[in-house]
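Report on one structure; see the data block that follows.
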Amino acid sequence: MSVLSAKLRLRRRGWFALWAAPLPVWFALFFLGPMLLLIAMSFWSVQNYRLTPDFSLSAWSYVLSLDFLWSSFWRSYGLSLLSAVLVSLLAFPASYAMAFLISPARRLTFLGLALAPFFTSYLVRIYSLQVFLGEGGVLPQMFHSIGLSGASLLNSYTALFLGHATLTLPVVLVLQTLALGNVDRTEMSAAVNLGARPLQVLRHIILPAARPGLSLGVLFAFLLSYAEFVSATYLGGGVFQTLPILLTDLIRGGQQWPRAAVVSLLMMAVLLLTSLVTVAWAYRQKGN
Amino acid sequence: MNRHLKHALPAWVWFTGLMLVFVILYAPILSALVFSFSADRFPSLDITRFSTKWYAQVFADARVLEALKNSLTIALSTALVATTLGFAAAYADFRFRFFGQRMVLALALLPPTVPIVVLSLAMLAFFSRIGLSGTVGSIIVAHVVVATPFAMAICRLRLEQMPPEYETAAQNLGATPGQALRLIVLPHAAPAIGAAALITFAVSLDEYAIAWFVGGLEQTVPVTVLNTLQGQVDPTIHVIGTLAFAATLSLVFAAQLLLLRSTKSHKNKEVSP
Amino acid sequence: MTQPLLELHNLNKSYGTFEAVKDIDLSVDAGEFLAIMGPSGCGKTTTLRMMAGLEDPTRGDIRLEGQQINDLPVWQRETPLVWQNLALFPYMTVRENVEFGLRMKKVPAPERQRRCAEWLERLGIAGFADRNVAKLSGGQRQRVALARSLVLQPKVLLLDEPLSALDAHMSIRMQGELKRLQRELGITFVYVTHSHSEAFSLADRVVIMNTGRIEQLGTPQDIFLRPRSRFVAQFVGGISLFSGMLKTTKEGNIGIDSADGLLQIADPASAQGGTRCDLAVRADRINVTTQPGWGTNEVPCVLMSEEFAGAVVNLHLETAAGTGIVAQLQQRDLERLSARAGQQVYASWHPEDGVLLGAPALKAVA
């Protein structure tokens, strides 16, 4: 029990609340509120084209019984996972260069340059890619001039992957570079001192030590790709019916709110599960 | 890296990887810049003539100007509110120990992990139920949710660099909590607050999904771009893109510069003789 | 009796289930230099922070000149603190740092400047007045921290390990200055430290704390010569401890029956026969010889190691029963002894040099 007077305690609480309260209040109203509404809505029903609060499982049973939902679900998952792994592999040499071959002072500049595109007009970058890859675009023209087929590269997995890379590369680069940069140089020296050759140092010291950061890179690339619908629509050309596309279609196609809510919640559940598994694996320690 | 630590592959391999990545990141940006000055309607490698006619066309387009006005209003308000909320939460987390602190922190960092489509959907549902959808205000409210985590993270990291004793020392010398905050904490956090404002402004300026779902007839610049994407080849998109890149890149670089310089001066202070 | 300046009554502080400070009763007189000492985590800094109002006591009272100040917010306390990391404000010059407290108290500018200048002068940092505090040496920063607090003319100055950031040489110089300053100003210093040399050479009285409690309170001499518990003896260091039953021999001598034999003591005034006691012998009172037959209390042991500490040498010995003994010798005595590690030697001391722990009635053996 505190011996403080009530007045003093009240004054301190007020000062504390002034700083601590605004964000939780705003997020409770405008973030948790909408998310909880989404959960509630998945149990509502549509009667005479009107959305009615209800406790009905019809949207759930309808969505879960759709075959094309499951196929687009697995396709989304597989494509995003593939993209995430490929982007990570693509980024690794660059991250390695930034972490080990560039002086720490310049590293920050490179990291800044790598991260900046994340905040700049993703849509326009996708449009540029469309122009690059499309019929008569820069890349097909170049291929044509060296005697290859000059056909459009759009509506292919390559195009989709480039779209995903455009979105996720900055984040993956930063996470990987920070992970590699934090590898203890003394451990590496110790390994060399004990006779490890460069490739063995990479395999037995650098990669295990950087594992959490590298796995987080894959995870974030996956999360972003999985939730993405612009590349899938305009580069993949709708060839790949992914969950986010399904979702936007459901909403634009009419009053299918409960079904859209169910699909959203399924997406969230999958993301949450994947994140938990990845994080658990990334931070797993050897031995107890 | 020390001399005795050899790399598994020769240096040029790693550097080629680095170059490739930067080409992938920046080629789309540069191409927008180049094509925005091409007189040709269809973008191709052999540009015939330099022209600024697409710029003239964009600036004469009432629809684009209206969208620009909306975008700026939204981004400015978002930056203001998100930075305030973000700093307040960062300061509370730095200064106080309280029940549920980790929960609040988790909540504050949660929005970026929710798929933007899902978030947009939830926002649309929410705002239509309270009769606010289709307004600029609803976009601002939603953008604040998306942008605040960035502001909070930036401010929190900066506060971390300040020994908590500075503020208590000021109080110990007679400063009220308000004075200590104003005279000690704010000067220290100022670069981060500036950076947070710039980043949140950029995030809002660029956000298309929520603005598209929630905005209704109120279009922002990214939403007009999204609508153009669905239609014909339109060279004006290169102009809008170039301007957007110029705006957001300078915001982000300015923010990075602010943070970098403040970190450096912080380090200099630590290694006093 | 005059009123003590600062009093702690039954002061407690817990964090959840952890009790950082337990039932502290302490009164500090005006003009006194009090050191609070103990291992890290013993509650000494928490106690100091409660005096400054930086922590709220869970229970108990803090009084300044008889007034209860528990409810007084930090900024109204007038108990300036010199911080372990000094906490000088990095965005301000030396002058701005020193003037800060006066500015907060709305002291008019002319007086503020006069007092600031006076203290800068007094502490020998007037030449750096407009320099950024980041550009000062450790000793100069220390002086700024002192000036910043003393300019407020407090009745009590709290110091939290203020010299720990300095190198050994600088620390000793600052110790001298602190002591001189405290004498000249005549104000109370409450000084938290984990360093024996600082506490013993500076303080009028020393508080030794352990696990949130006061183990012993006394003058440095008191504590050094008559440690009240095993903890204090071990913490002060340079003391060998033996334990056993108190016993009277056939010849009428009194001693403790330890694993190393019967060890006689001179004046067991208050001790009861048959109780279990700890006996402490200071390292400088122990003789070491290569042959037996030199003293009343003589224990054969093996020389384990020598540790050079300037002009003196600490010899670490171990008895057959495994008791560790530390003996302090002058260099030339060691040369005369010419013993090597692993060799059999004899440790001996006079009965009057043995102190029974927890027996305050024993007379001083100084």
Side-chain angles (χ1 to χ4, degrees), chain A residues 15-16 19-20 22-24 26-27 30-31 33-35 37-38 41 90-91 93-94 96-98 100-101 108 112 114 116-117 119-125 127-129 131-132 136 138 141 165-166 169 173 188-189 192 198-199 202 223 227 229 234 244 247-248 251 257 260 264 267-268 271, chain B residues 1-2 4-8 11 13-15 17-18 21 24-25 28-29 31-32 42-45 85 88-89 91-92 96 98 104 107-108 111 113 115-118 121-123 125-126 141-142 144-145 148 177 199 202-203 206 208 222 225-226 229 237 241 244-245 248-249 252-253 256 260:
Chain A
W15 176 249
F16 162 69
W19 301 103
L23 184 138
W26 190 284
F27 276 38
F30 303 119
F31 174 57
M35 297 311 287
L37 179 63
L38 200 65
M41 233 179 210
L90 176 67
Y96 186 97
M98 285 195 277
F100 293 120
L101 297 167
L108 280 176
F119 294 100
T120 70
S121 193
Y122 173 57
L123 292 176
V124 181
R125 288 186 291 142
Y127 180 76
S128 288
L129 270 180
V131 168
F132 263 71
V138 177
Q141 273 187 8
T166 300
L169 257 181
L173 282 170
M188 293 164 59
S189 300
V192 173
L199 205 61
L202 181 66
L223 294 181
F229 66 95
Y234 302 110
L247 208 53
T248 48
I251 288 308
W257 280 101
S264 302
M267 272 182 75
M268 293 279 295
L271 291 183
Chain B
M1 193 124 128
N2 293 336
H4 69 269
L5 291 173
K6 295 264 190 309
H7 301 288
V13 176
W14 306 112
F15 278 120
L18 187 63
V21 161
I24 293 179
L25 283 178
I29 297 176
S31 90
F42 294 97
S44 76
L45 273 183
L85 287 183
Y91 178 70
F96 305 103
F98 52 94
V104 170
L107 174 68
T113 64
I116 197 73
V117 206
V118 173
L121 192 73
M123 293 283 186
F126 181 76
V141 168
V144 166
V145 170
T148 301
I199 293 283
V203 165
D206 247 18
Y208 56 91
V225 173
L226 192 65
L229 271 180
I237 217 171
F245 288 137
T248 42
L249 281 179
V252 172
F253 286 138
Q256 288 175 347
L260 208 61

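Predicted, not measured: the structure shown is a model, and the values here were computed from it. A note on names: the letters A, B, ... follow the listed sequences, proteins ahead of strands, and every chain is numbered from 1.
With hydrogens and angles ignored, the 3.5 Å screen pairs a side-chain donor or acceptor of Ser128(A) with a backbone N or O of Pro28(B).
Side-chain contact check for Tyr96(A) versus Leu18(B): every heavy-atom pair is 4.5 Å or farther apart. Between Val225(B) and Tyr122(A), every side-chain heavy-atom pair lies at or beyond the 4.5 Å cut-off. In this structure, Pro111(B) and Phe27(A) have side chains that are in contact, with non-hydrogen atoms separated by less than 4.5 Å. The shortest distance between side-chain heavy atoms of Leu271(A) and Thr113(B) does not fall below 4.5 Å. Considering only heavy atoms from C-beta on, Phe30(A) stays 4.5 Å or farther from Val144(B) through its side chain. A heavy-atom distance below 4.5 Å is found between the side chains of Leu90(A) and Ile24(B).
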Please determine whether side-chain contact (heavy atoms from CB on, under 4.5 Å) holds for the pair Trp26(A) and Val145(B), giving the CA-CA distance in whole Å, both sets of side-chain angles, and the decisive distance to 0.1 Å. CA-CA 8 Å; Trp26(A) 190 284; Val145(B) 170; 3.8 Å; yes
Taking it one step at a time, do Tyr234(A) and Leu226(B) satisfy side-chain contact (heavy atoms from CB on, under 4.5 Å)? CA-CA 10 Å; Tyr234(A) 302 110; Leu226(B) 192 65; 4.2 Å; yes
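Taking chain B as the reference chain and counting heavy-atom pairs below 4.5 Å, the highest number among Phe132(A), Trp19(A), Trp15(A), Phe229(A) is found for Trp19(A). Taking chain B as the reference chain and counting heavy-atom pairs below 4.5 Å, the highest number among Ala97(A), Pro34(A), Ala114(A), Ala20(A) is found for Pro34(A). Put simply, of Ala32(B), Ala142(B), Ala125(B), the one with the most heavy-atom pairs under 4.5 Å next to chain A is Ala125(B). Each of Ala202(B), Pro177(B), Gly17(B) has some count of heavy-atom pairs under 4.5 Å with chain A, and the biggest count is that of Pro177(B). For the options Leu199(A), Leu129(A), Leu38(A), heavy-atom pairs under 4.5 Å to chain B are most numerous at Leu38(A). Counting heavy-atom pairs under 4.5 Å between each of Tyr208(B), Phe98(B), Phe253(B) and chain A puts Tyr208(B) at the top. Note: Val141(B) leads Ile29(B), Val104(B), Ile199(B), Val141(B) in heavy-atom pairs under 4.5 Å with chain A. Chain B forms the most heavy-atom pairs under 4.5 Å with one residue out of Ala165(A), Ala94(A), Gly112(A), Gly33(A), and that residue is Ala94(A). Ranked by heavy-atom pairs under 4.5 Å with chain A, the first of Val203(B), Val13(B), Val252(B) is Val252(B).
Residues Pro93(A) and Trp14(B) approach most closely at CA-CE3, 3.5 Å, considering heavy atoms. Of all heavy-atom pairs spanning Ala227(A) and Ile116(B), the tightest one is CB-N, 4.4 Å. Counting all heavy atoms, side chain and backbone alike, Pro244(A) lies closest to Val117(B) at CB-CG2, 3.9 Å. Contact record, Leu85(B) with Pro22(A): CD2-CB, 3.4 Å, taken as the closest heavy-atom pair. Of all heavy-atom pairs spanning Pro24(A) and Leu107(B), the tightest one is CA-CD2, 4.4 Å. Annotation for Asp206(B) and Ser121(A): closest pair OD2-N, 2.5 Å, computed over non-hydrogen atoms.
Only the side chain of Leu247(A) comes within contact range of chain B, with at least one heavy atom under 4.5 Å from a heavy atom of that chain. Both the backbone and the side chain of Ala108(B) have a heavy atom closer than 4.5 Å to some heavy atom of chain A. The contact between Met35(A) and chain B is made by backbone and side chain atoms together, counting heavy-atom distances below 4.5 Å. In this structure, the portions of Leu23(A) lying under 4.5 Å from any heavy atom of chain B include both its backbone and its side chain. Proximity to chain B (any heavy atom under 4.5 Å) is shown, for Leu101(A), by both the backbone and the side chain. Contact annotation for Leu123(A): both backbone and side-chain heavy atoms come within less than 4.5 Å of a heavy atom of chain B. The contact between Leu202(A) and chain B is made entirely by side chain atoms (from C-beta outward), counting heavy-atom distances below 4.5 Å. Contacts of Phe16(A) with chain B are made by both backbone and side-chain atoms, with heavy-atom separations under 4.5 Å. Interface residue Phe119(A): backbone and side-chain heavy atoms are both found under 4.5 Å from chain B.
Between His7(B) and Phe100(A), the ring-plane angle classifies as tilted under the 30° and 60° cut-offs.
With rounding to the nearest 0.5 Å, the separation of CG in Leu169(A) from CG in Leu25(B) is 5.0 Å. In this structure, CG on Leu121(B) lies 8.0 Å from CE on Met41(A), to the nearest 0.5 angstrom.
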